[in-house]
Amino acid sequence: MEWFENGWGLSLIVFLPLIGAGVLLAIPKANEALQKQTALLFAGASFVLSVVLAFAFDFGEAGIQLGTRLDWIPAINSSYHIGIDGISLPLVVLSTFITLLAIIYSWEHWPEPHNPKAFLILMLILATGMTGTFVALDLILFFVFFEVVLLPMYFMIGIWGDRNEITVPVFNIKTQMRLYASIKFFLFTLFGSAFMLLGFLALYFRGGRTFDMLELAANGAEGMLGSGLAFWVFAALALGFAVKVPMFPFHTWLPDAHTAAPTVGSVLLAAILLKLGTYAFVRIAIPILPDQSQNWAPAIGILAVIGIIYASLACLAQTDMKRLIAFSSVGHMGFVMLGIATMTPIGINAAIIGMVAHGVITGLLFFLAGSMSHRYHTREMARLGGNQKLMPIMGAILGFTAMASLGLPGLAGFWGEFMALLSAFSPAEGLSTTLFRTLMVIGAVGTVLAAGYLLWMLQKVNFGEPKDEWAGHEFHDVDKWEMAAWAPMIAVTIAIGIFPRLVFGATNDSVVELVTNAFRGLG
Amino acid sequence: MIDYHALAPEILLTTTVMAVLVVDMLPVRKYWTAVVGLLGLFVTVIPVLTLGFCESLDFCEATGVRTMFGESYVVDTFSLVLKGLFIGSAFVALLLSVGYLESDRFWQGEFYFLMLASVLGAVVMASSRDLVTMFVGLELVTGPTFLMAGWRKGDARSNEAALKYFIIGVLSAAVLLFGMSLVYGVTGELTFTGIRQASVGVLDGDLGGLFIIGVLFTLLGFAFKVSAVPFHFWTPDTYEGSPTPVTAYLSVVSKTAGFVGLLAICYLAFAEVATLWGAGLWILAALSMTVGNLIALRQTNVVRLLGYSSIAQGGFILVPFGAAIAANASGADLEEAFFATVTYLLIYAFMNLGAFAVVIAVGNRLRSAEIDDWSGLFNYSPALAGMLGLFFFSLAGIPPLAGWFAKFVMFRSVLAVGNTWATALAVIAVVNSVIAFYYYSKVVISAFMRPVPDHVPAAELRHYKTAPSLQFALVLTAIGVILIGIFPTLVAEIGEATRTFASGF
């Protein structure tokens, strides 16, 4: 297995889906069965390898492992440097896992206009971009993977998205939802990431002419980047990451994109794409610019909590089920960002388990919303009542997932929220305890609101008597492909809820080391 | 003693130009003139390669930089790289022309003769190191293109394009020549190295002001050639009216030739006044990007959109020059800027030629370049739609397509200086690259996400075959865009090799 541990394993996990996309290109458009099998094969292989990776992973070792470093663009000192530690391992597994399930779910659920070949190709390219971002240890490599995800998602939303006519605010143009949402998604992210690239370049020139994250982190901890400029560099990076997360007030693309995207697109967007931003905060911003992270932490904490409250209130105002779930994502990512803002090991651990839990739970919620709107042809909650009676299994899964999402102890969602609040009680040295304790209290109110809107949704959608308009309709409850995609997610939600060490066991050592390394120079 | 090896590309190209004329007179199909032209270009690349890899070849006597004719004509890495670029781009532009000219009753032999003569001018420019040779080279590039722009004789818009281009071309030549004469007048030198040495004394003397005016007029002359705002107004009309392959040629070969002149003159002759041209080109860069992009947003015709896009791209290419605005810019910083410009030009050639190849291929099917008519292209011609997305998103600079690296080195060159003005230019460029995405995506949205309009016979178009020469051009550029995007080091190494050109600072 030596080849596997030399970075080949990791590279295969990242690039197998891309190779799969290339193979798919060669398959004739009419042969849909072969297309699906090929996609499943490559995504499956990538997932299996990521599980093997988890077994090959040395949990006693906090640093980077299983990676490699090869020449890539010597002219600009950028290299193909990949590797994982406890922070990236759960996210790598998460993204291969969700991609595989998304392909299984798609088997019999193709959004209009039906074109499985193109759809699968995009999904596989997306998978490469996502896993690549989590393993890249070179800023330029990171940037490329970070951007690779944009195009497939753009096409997914734009071609297979929601066809309802809307009027674009401000410009007063009539267009279809999918066209508006896709370009909005792209422009927001591109704007952020262009500034992020400027930030990377500034790091390069001020941080010892290297794009290597580990070298930069070492230089950063020694205070090499402690100038006035660093303040703006952090701002540029944070802008890029915050748009992706998305943090309030850069979140406005999210409800549109999630609502307009086809089911699988929403799932991948919520479950993985949002994590790229939060992961970048942990992997890049904190270790490389620790003192600036601390300067900005109060602002990030405040925005995070505003996001939590704002999203909860916005959820209560929604009539569209999918849009409600989209807004709930903003709130959950607020908890993740609050954890990160405390700059403590507990907070960052909370952030990572929060990311994994949100990925699984909200991913499942979007699957459910997609399947239900596929059957009812509407997402209006007012028309959906009594779902529990029409589709008992679907209703039960929805109830379970809503409970998980509101942070019920014993399920995965609990740990992220609870520990983020816990960490805000005693933030890192140098941060205002008063401020963070205030944030903690407001965040706690947010959890109550979250319970409120999720239960409200459940009540509207699941409970009560079915509406008259559905009388005489025969509804097909959960089918086998849906079950195959959802059962593993439910299992993971329970497993992490009962046994959070599944995630913490991997993350804790790495997080502690990251925080210690970053802040040892500050004292 | 003349170094024939060093001059072999020019000699072979001249022979090809003649050969095309001869074949045109023979009683064979006109098609063969194009074949001879393509073969000639292919053969011309060989001496460029042997000169470039001279050190590792047995038969080649490695002499380093080959200087000829009293320092007027130099064959160094920079000139070889640019010669390769010109010949390669002309090869693709010729491929684009073949199907186009065959499709209607166009004069063919004359066309290829003119195009190849123009390429010869560009190749001469890459090596010229004095004012006169540079000017003659530049005029040889532009002269034939005036005629090529009006090749669709029956079309009023093509006539308008040619006339507009001709008048502006003559005007800019006059401005350029005026600037050059001032520079020559105060320094008494024609070669770039001579001008640089003499300019030190001139700047301290009474005629320093006149020298600066000469520099500004020279820059102005080139600004017309590279269609930098506010000297761009001829571009959209000429691009739209000319036959599309000619537009492709103008936007790549002719434009790059302008940049080559600018690079050589700025970095060699005017090295002592780097802050001056830095400031001038800073302004042109900022204006070109912003104005080009903003007007492009409103376009409804793909060719016109690409015209404005090439103005904006020209602005991006000028950005690294703007780095010289910082008085504290070190020699290494200017080398970095030089590297960025050359690398950008290399990548730009691939993606812009590719974009025009798609425009020609789709234009053949639809007889229209209106964005709305292109709706639903993905439904009946998925491969072509895919190519369209590839090239347009590459122009927008989205990884993993080649354009990202061009943008990246461009940002890098200005941030390396780290001065406020340079950083401000970087921020302007960032905002512009986001704006640019919007209009590139407009075409892609139309092709991928909108339904086929009623008047487009999609069912028939499904079986339409692209001309083989055009297919070849598409595949060539597409492979370039993808490979360079994933392994940017392919062009970065070439750009690196030219870096020493700017080492005089």
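Here is how names work: the chains are called A, B, and so on, in the same order as the sequence lines, proteins then strands, and each is numbered from 1. Note that the structure is a prediction, hence the values are computed from the model and not measured.
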Q.
Quick one, A/Phe143 with B/Phe408, criterion side-chain contact (heavy atoms from CB on, under 4.5 Å). Give me CA distance, side-chain angles, the key distance, then yes/no.
A. CA-CA 11 Å; A/Phe143 169 76; B/Phe408 174 81; 5.8 Å; no
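Atom CD of B/Glu493 and atom CD1 of A/Ile73 lie 10.5 Å apart (nearest 0.5 Å). One finds the CD1 atom of A/Ile159 at 10.5 Å from the CD1 atom of B/Ile445 (value rounded to the nearest 0.5 Å).
Only the side chain of A/Phe205 comes within contact range of chain B, with heavy atoms under 4.5 Å apart. For a residue to count as touching a neighbouring chain, one of its non-hydrogen atoms must lie under 4.5 Å from one of that chain's; by this rule A/Phe145 does not touch chain B. For B/Leu415, the parts lying under 4.5 angstrom from a heavy atom of chain A are both the backbone and the side chain. Residue A/Ala236 does not touch chain B at all, counting heavy-atom pairs closer than 4.5 Å. Looking at A/Leu151, the atoms closer than 4.5 Å to chain B (heavy atoms on both sides) all sit in the side chain, from C-beta outward. Using a 4.5 Å cut-off between heavy atoms, A/Phe155 contacts chain B through both its backbone and its side chain. The part of A/Ile140 that comes within reach of chain B is its side chain, from C-beta onward, which places non-hydrogen atoms under 4.5 angstrom from that chain. Only the side chain of A/Asn115 comes within less than 4.5 Å of a heavy atom in chain B; its backbone stays farther off.
Atom CZ of A/Phe188 has more than 12 neighbouring heavy atoms from other residues, nucleotides or ligands inside a 6.0 Å radius. Within a 6.0 Å radius of CD in B/Glu460, no more than 12 heavy atoms belonging to other residues, nucleotides or ligands are found. Residue-environment remark: CH2 (A/Trp8) stays at or below the threshold of 12 foreign heavy atoms within 6.0 Å. Counting heavy-atom neighbours within 6.0 Å of B/Tyr438 OH, excluding the residue itself, gives a total of 12 or less. Atom CZ of B/Phe350 has 12 or fewer neighbouring heavy atoms from other residues, nucleotides or ligands inside a 6.0 Å radius. No more than 12 heavy-atom neighbours from other residues, nucleotides or ligands sit within 6.0 angstrom of CZ on B/Phe487.
Counting only heavy atoms from C-beta outward, the side chains of A/Leu179 and B/Arg450 approach each other to under 4.5 Å.
Across B/Pro400, B/Ala426, B/Pro488, the residue that shares the most heavy-atom pairs under 4.5 angstrom with chain A is B/Pro488. Per-residue counts of heavy-atom pairs under 4.5 Å with chain B were compared for A/Leu150, A/Ile76, A/Leu190; the largest is that of A/Ile76.
Between B/Phe437 and A/Tyr154, the ring planes are perpendicular. Angles over 60° get that label, and only those under 30° would be called parallel.
In this structure a side-chain-to-backbone donor-acceptor pair under 3.5 Å is present from A/Trp72 to B/Ile486. In this structure, the side chain of B/Arg412 does not engage the main chain of A/Leu198 through any donor-acceptor pair within 3.5 Å.
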